[in-house]
Structures are given as structure tokens and as C-alpha cells.
Amino acid sequence: GAGVSQTPSNKVTEKGKYVELRCDPISGHTALYWYRQSLGQGPEFLIYFQGTGAADDSGLPNDRFFAVRPEGSVSTLKIQRTERGDSAVYLCASSLTRGAGELFFGEGSRLTVL
Amino acid sequence: GQQLNQSPQSMFIQEGEDVSMNCTSSSIFNTWLWYKQDPGEGPVLLIALYKAGELTSNGRLTAQFGITRKDSFLNISASIPSDVGIYFCAGQLGGGGADGLTFGKGTHLIIQP
């Protein structure tokens with residue numbers, strides 16, 4: 001596609017449930033990033049993939065959060081046992097090469113945990 | 001960890017006025033970037049700066065990478081209504097050390113008619 005695509009655009013779930021958020025990066029982009037943005041804040045780094053491997057997962061808040069990119073393209077962010085504090089917009093971005101600051105963002109997936 | 005202080009937090013200006021906002025860091029970055037975010041959208045890259053002291057323009061936008069590598073500013077000349085939005089600075093250490101971007105909290109630009 002022309003840009004980074006994220007699904008779903010909105011997700012409402014109950015506390016304790018499992019959630020998956022999907023990101024389809026720009027074709028040919030090898031680097032993929034996940035960020036979380038709370039209301040009134042800037043995006044907060046979660047994890048970064050170069051190809052299929054997680055090159056840096058230092059931003060994941062705890063072990064309830066996990067992300068995969070099995071074929072080096074589409075990525076899925078997985079959140080187990082969701083908590084109300086997980087409510088935020090989850091942004092995915094991709095860039096052509098590793099270390100290139102020019103990240104292209106999707107529109108985000110808004111997660112609401114009731 | 002690294003933190004970016006972005007100011008001002010919000011700006012109320014008249015159409016046609018020039019705008020200036022800046023970003024400072026407690027540690028150095030090797031790349032500085034400026035993004036704009038509209039409601040319900042992801043951030044869109046405006047300008048990327050790769051070298052200390054670099055001054056780069058993109059239309060009515062001008063940004064500079066501070067000599068100390070710990071700061072950057074963004075200027076918008078002759079503001080128009082579509083400039084409304086939230087502007088974020090972001091820094092990247094890179095070099096295989098930390099490729100994720102660190103973002104500021106944003107400057108909310110509001111243009112009064």
C-alpha cells in the first residue's frame with residue numbers, strides 16, 4: 001500500500017482480555033517501530049524491528065506486551081491481561097533502513113480498556 | 001533516560017504571524033526531527049536534521065540542529081489556518097545504539113481568526 005496501515009482503528013475491550021493490533025508497513029521498509037501515545041503526550045517508544053528480529057524492545061512496559069514480525073513485513077503487537085492503564089493510541093511506523101530517522105507513521109489503533 | 005523538553009506547550013497566534021518553538025535535551029542526539037500531528041492521524045515528518053549546526057528549510061518551515069546537539073528549534077513563517085495542529089520534536093541517537101525516536105510532549109498551535 002501507499003502508507004503504513006494499522007488495524008483495527010479502534011478497539012474497545014474489557015480488563016483482563018487479550019488484544020492484538022496489526023501493522024502493515026510501507027512495502028520495502030525493513031525497519032518497523034511500535035509507539036504508544038497517551039492523551040496529551042508525545043509518542044513513547046515500545047519496540048523496534050529490523051527485518052524479523054526485535055532489535056530493541058527496551059520500551060515494552062512489562063511482559064504482558066509482546067510483538068512479532070515473523071516474515072519481516074506485517075507486525076502484530078500483542079497485549080495480554082489488559083489493564084485500564086493500557087488505554088492509549090498505539091502507533092506503528094516504518095522506515096526504509098535501520099537508523100534512518102525518517103519514520104512514516106500509520107494512523108494508529110485506539111485501544112480502550114474498560 | 002533521555003528526556004526532551006519542548007516549549008511552549010501551546011501557542012495562540014493570529015493568522016499571518018510567525019511561530020517559533022524549541023526543544024532541549026538532557027543528552028545529545030545525532031538526528032533531530034520535527035513532526036506534525038493532526039487529530040486522529042499519525043505524526044507526519046516535516047523536517048529531518050542530521051548534522052550539528054545544520055539549518056534546513058521546507059517551504060515556510062525552517063529548523064536548526066543545535067551546535068551542542070542538545071537542542072533544536074522550528075520556525076514557521078506567515079502562519080495559515082492549516083498550520084493548526086500539534087508539533088513534536090524527536091531525537092534519535094542512532095549508530096546502532098538506540099534507533100527508536102524520543103519525542104517531546106508537543107507544542108499545540110492554535111490560530112485565532
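Below, chains carry the letters A, B, ... as their sequence lines are ordered, and counting in each starts from 1.
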Would you mind telling me which of B:K105, B:H108, B:Q6 has the largest number of heavy-atom pairs within less than 4.5 Å of chain A?
-> B:K105
[X] to [Y] - nearest heavy-atom pair and separation:
X	Y	result
B:F88	A:G42	CE2-CA, 3.3 Å
B:Y50	A:E102	OH-OE2, 2.6 Å
A:L91	B:P43	CD1-CD, 3.9 Å

Heavy-atom proximity to chain B below 4.5 Å, by part of A:Q6 | neither
Chi angles and distances behind the side chain to side chain contact (heavy atoms under 4.5 Å, CB included) call for A:L103, B:L45 | CA-CA 7 Å; A:L103 273 59; B:L45 180 66; over 6 Å; no
Non-hydrogen atoms of chain A under 4.5 Å away: do they reach the side chain of B:Q9, the backbone, both or neither?
-> neither
CZ on A:F105 to CG on B:L101, rounded to 0.5 Å | 6.0 Å
Would you sort out whether B:F103 and A:Y35 count as a ring-ring contact (aromatic ring centres under 6.0 Å, His included), showing the intermediate values?
-> CA-CA 10 Å; B:F103 281 82; A:Y35 285 80; 5.6 Å; yes
Taking everything shown except [X] itself, do over 12 heavy atoms lie less than 6.0 Å from its [atom1]?
X	atom1	answer
A:F66	CZ	no
B:Q112	CD	yes
A:L39	CG	no
A:E14	CD	no

Shared hydrophobic cluster, [X] / [Y] (ILVMFWY, side-chain heavy atoms < 4.5 Å):
X	Y	value
B:F73	B:I47	no
B:L109	B:L61	yes
B:M21	B:F65	yes

